[in-house]
2 protein chains.
Amino acid sequence: MSIRKVAARAGVSTATVSRVFTQPQAVADETRRRVMTAAEELHYAPHPAASALARGRTCNLGIVVPDVSNSFSAVVTKAVDRQARREGYALFVAGSDEVVHDEETSARALAQQVDGLLLVSPRMPDDALLALADMTPIVMLNRLLDGIPAVLTNLYEATGHAVEHLHALGHRTVVYLAGPDGYANDVRLRGFRDACSRLGMEASELGPFAARFQAGVRAADLVLAASVTAVVAYNDEIAVGVVNRLSDRGIGVPADISVVGFDDTELAEMVTPRLTTVRIPAAMAGTAAVELLLDLVRGRDAGLGSPRELSAELVVRSSTGPARVARDTGQDPAP
Amino acid sequence: MSIRKVAARAGVSTATVSRVFTQPQAVADETRRRVMTAAEELHYAPHPAASALARGRTCNLGIVVPDVSNSFSAVVTKAVDRQARREGYALFVAGSDEVVHDEETSARALAQQVDGLLLVSPRMPDDALLALADMTPIVMLNRLLDGIPAVLTNLYEATGHAVEHLHALGHRTVVYLAGPDGYANDVRLRGFRDACSRLGMEASELGPFAARFQAGVRAADLVLAASVTAVVAYNDEIAVGVVNRLSDRGIGVPADISVVGFDDTELAEMVTPRLTTVRIPAAMAGTAAVELLLDLVRGRDAGLGSPRELSAELVVRSSTGPARVARDTGQDPAP
DNA sequence: ACTGTGACTGTAAACGCTTGCAGACTGTGT
DNA sequence: ACACAGTCTGCAAGCGTTTACAGTCACAGT
């Protein structure tokens, strides 16, 4: 099943067989047909490792995500997988479980055997990123660092819209539930703070929380203790956790407290009440990131200028509503 | 940055350098240290493709799932990724988007460059599977085929428990919402039918539906038209879709209709009412599958006997309740 | 002194493919 | 007839590792 057998059977040299599979137009029709049938008869398929060794490229891409089973990551991964396959690349996936050390290790390991690497919300230090970028082309999602191409979403503005939305509904005290430290959290936080101060709202912050449902459940009680009427959560999962726990404690959403999430994962439409959330075009970001990455891989030095920005937007659903008229000020708003 | 440079710098042969990285104990301490420092100074890292070519194994595993962003698949993938990494393997992921042809293509493509392949709920024909198994070791999740090792969950029994549960609550008419054709659906269906006939319940079936939320939404109206008091859905996503749409139409769950899902994804705890569902130990299945696969890869001919069975169990939550006393029989049970 | 053993290292031939270079042809223009 | 270009093919040298085999050496046993 090596190229030699095929060559022998077709009565040509190995070079010709190789060319049939890599630059078919460089081979005469007749010869190509002979080679093809020989290859089929022998069930020949080129050996990727040998090819990678000889050409110096693997036709593989890699992606490192914080959590494989997180809905947002999963959607990105799916889009990346699609796009990569469409372009003839296979995809390595590695999850870091939010552990910075694992993230770096995985990334370095993959870097050896891919033509390019995609890092989703990487949390490793800047110099580690730069070192990685020296090994292989990389593109980041949701992280900004000079010299490394990235795909970002302009959450700043959309976060402002979320706060404005709450303000318009009469809310004056609002808390932000922080997610894991990093660019993604920073930009939300900036948007939140700036909008709150611009609108004269009383802003507070809690966290950081893990970007998961259970962390949201835990956060809910802290939220209640903070006597606010509105919550902006780092992502939908936390938001849903908050909503659930509040309901369990008899607090109505949005009757008593309004909740806003981020990501607009499928979840947002599945829960009760449906979640008001800032939509991040995850699939589009994945696709764009692959395209950027392949531009790099293929030598087009695109995107090294300013990072590609996608627009996020507030999706208003049912988890936000008019602020409750403050009666028992300073008290628990429980029924 | 090749092994030769390191060898030169450390004053040894390439063979020794190679041994330092693959069988350290075969090299004298002093020599090993010299090689290691030389390697570090040169930032040397072994070239996976070259190694793969020379040894005939890649130290990569692959997984093909129906849908990367489906919660169940994602959990399996995550577990597989963990376990694979722990064992020193990197992981390829490919999603088939439920398209049989893509599934086969992806699987074949990956087969070339992995030491073993994991197929989650594969839907390709038997002979395609056998052909694949000829190319590389494979292990399947949720599919049964003689001669190919697999990890299964004994849903049959647990499905029976779900039906019994509904029966005990007074339900007498129940509909099963089928998912995509295949082993996974078959075993649920068998469990459902057998239990219904055993308990003398009136069983009907609808579908097949795609294993997604929106399909569940669509299914809900069909369910209503079927005048049943209980629904068993192929998976949690469909179940949640049903619940949501029923609520929108003013039908109470479980007051008017009870709903059971499958998988016990995180979703089940996040929605209102919390979903009664058959728990499938996805993470455990992923881990077990990797272990089985690595046994094969390493030549231990384990598991070729009977497939490994994991146990599923019914988790009762709030989406199932006493059947409504039939008053307006044959009518829409809408309020 | 000699043989045997074990521990360590080097030599060199793979592994399967790609590709620069050159040779063999065919056809065209002069 | 000849030069020239163009098209197709083969030769052979890599690509960076691994590993059987053989060689060297120190040391123990006789």
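On a predicted model such as this, the values are computed, not experimentally measured, just so you know. Throughout, protein chains are lettered first and strands after them, A, B, ... in sequence-line order, and every chain is numbered starting at 1.
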Round to the nearest Å and state the distance from [X] atom [atom1] to [N] atom [atom2].
{"X": "B:Q112", "N": "C:dG16", "atom1": "CD", "atom2": "C1'", "answer": "13 Å"}
{"X": "B:R57", "N": "D:dT17", "atom1": "CZ", "atom2": "P", "answer": "16 Å"}
{"X": "B:Q113", "N": "C:dG16", "atom1": "CD", "atom2": "P", "answer": "16 Å"}
{"X": "B:Y44", "N": "D:dG16", "atom1": "OH", "atom2": "P", "answer": "10 Å"}
{"X": "A:H47", "N": "D:dC15", "atom1": "NE2", "atom2": "P", "answer": "19 Å"}
{"X": "B:L53", "N": "D:dT18", "atom1": "CG", "atom2": "C1'", "answer": "10 Å"}
{"X": "A:H43", "N": "C:dG16", "atom1": "NE2", "atom2": "C1'", "answer": "19 Å"}
{"X": "B:F21", "N": "D:dT19", "atom1": "CZ", "atom2": "C1'", "answer": "17 Å"}

Scan residues 82-127 of chain B for pairs that pass ring-ring contact (aromatic ring centres under 6.0 Å, His included), counting only residues two or more places apart or in two chains.
A:F92-B:F92
With a non-hydrogen cut-off below 4.0 angstrom, is [X] in contact with a base, only sugar-phosphate, or nothing?
{"X": "B:S18", "result": "base"}
{"X": "B:V17", "result": "nothing"}
{"X": "B:A45", "result": "sugar-phosphate"}

Run the numbers on B:D115 and B:T58 for side-chain hydrogen bond (donor to acceptor under 3.5 Å, both in side chains), then give the verdict.
CA-CA 6 Å; B:D115 293 343; B:T58 59; 3.0 Å; yes
Side chain of [X] only, heavy atoms from C-beta on: which candidate in [options] is closest?
{"X": "A:T31", "options": "D:dT9, C:dT19, C:dA12", "answer": "D:dT9"}
{"X": "A:R4", "options": "C:dT19, C:dG16, C:dG10", "answer": "C:dG16"}
{"X": "B:S51", "options": "D:dC8, D:dT18, D:dG10", "answer": "D:dT18"}
{"X": "A:T16", "options": "C:dG16, D:dT9, D:dT17", "answer": "D:dT9"}
{"X": "A:S13", "options": "C:dC15, D:dC11, C:dG10", "answer": "D:dC11"}
{"X": "A:I3", "options": "D:dT18, D:dC8, C:dT18", "answer": "C:dT18"}
{"X": "A:A28", "options": "D:dT18, C:dC17, D:dC8", "answer": "D:dC8"}

Does atom [atom1] of [X] have more than 12 heavy-atom neighbours from other groups under 6.0 Å away?
{"X": "B:R123", "atom1": "CZ", "result": "yes"}
{"X": "A:R143", "atom1": "CZ", "result": "yes"}
{"X": "A:M135", "atom1": "CE", "result": "yes"}

Separation between CG of A:L110 and OG1 of A:T136, rounded to the nearest 0.5 Å
10.0 Å
By nearest-nucleotide position on DNA chain C, the 5'-leaning member of B:R55 and B:D29 is B:D29
Do B:D97 and A:K78 come close enough that some side-chain heavy atom pair is under 4.5 Å?
yes
Test log, rule side chain to side chain contact (heavy atoms under 4.5 Å, CB included), inputs B:R55 and B:T22:
CA-CA 11 Å; B:R55 305 161 66 133; B:T22 54; 3.2 Å; yes
In short, the helix from C:dA1-D:dT30 to C:dT30-D:dA1 is bent end to end, axes from five pairs each side, to 10°, by 50°
Does B:R19 get its side chain close enough to the base of C:dG10, under 3.5 Å, for a donor-acceptor pair?
yes
Comparing nearest nucleotides in DNA chain D, the 5'-proximal residue of the pair A:A50, A:V12 is A:V12
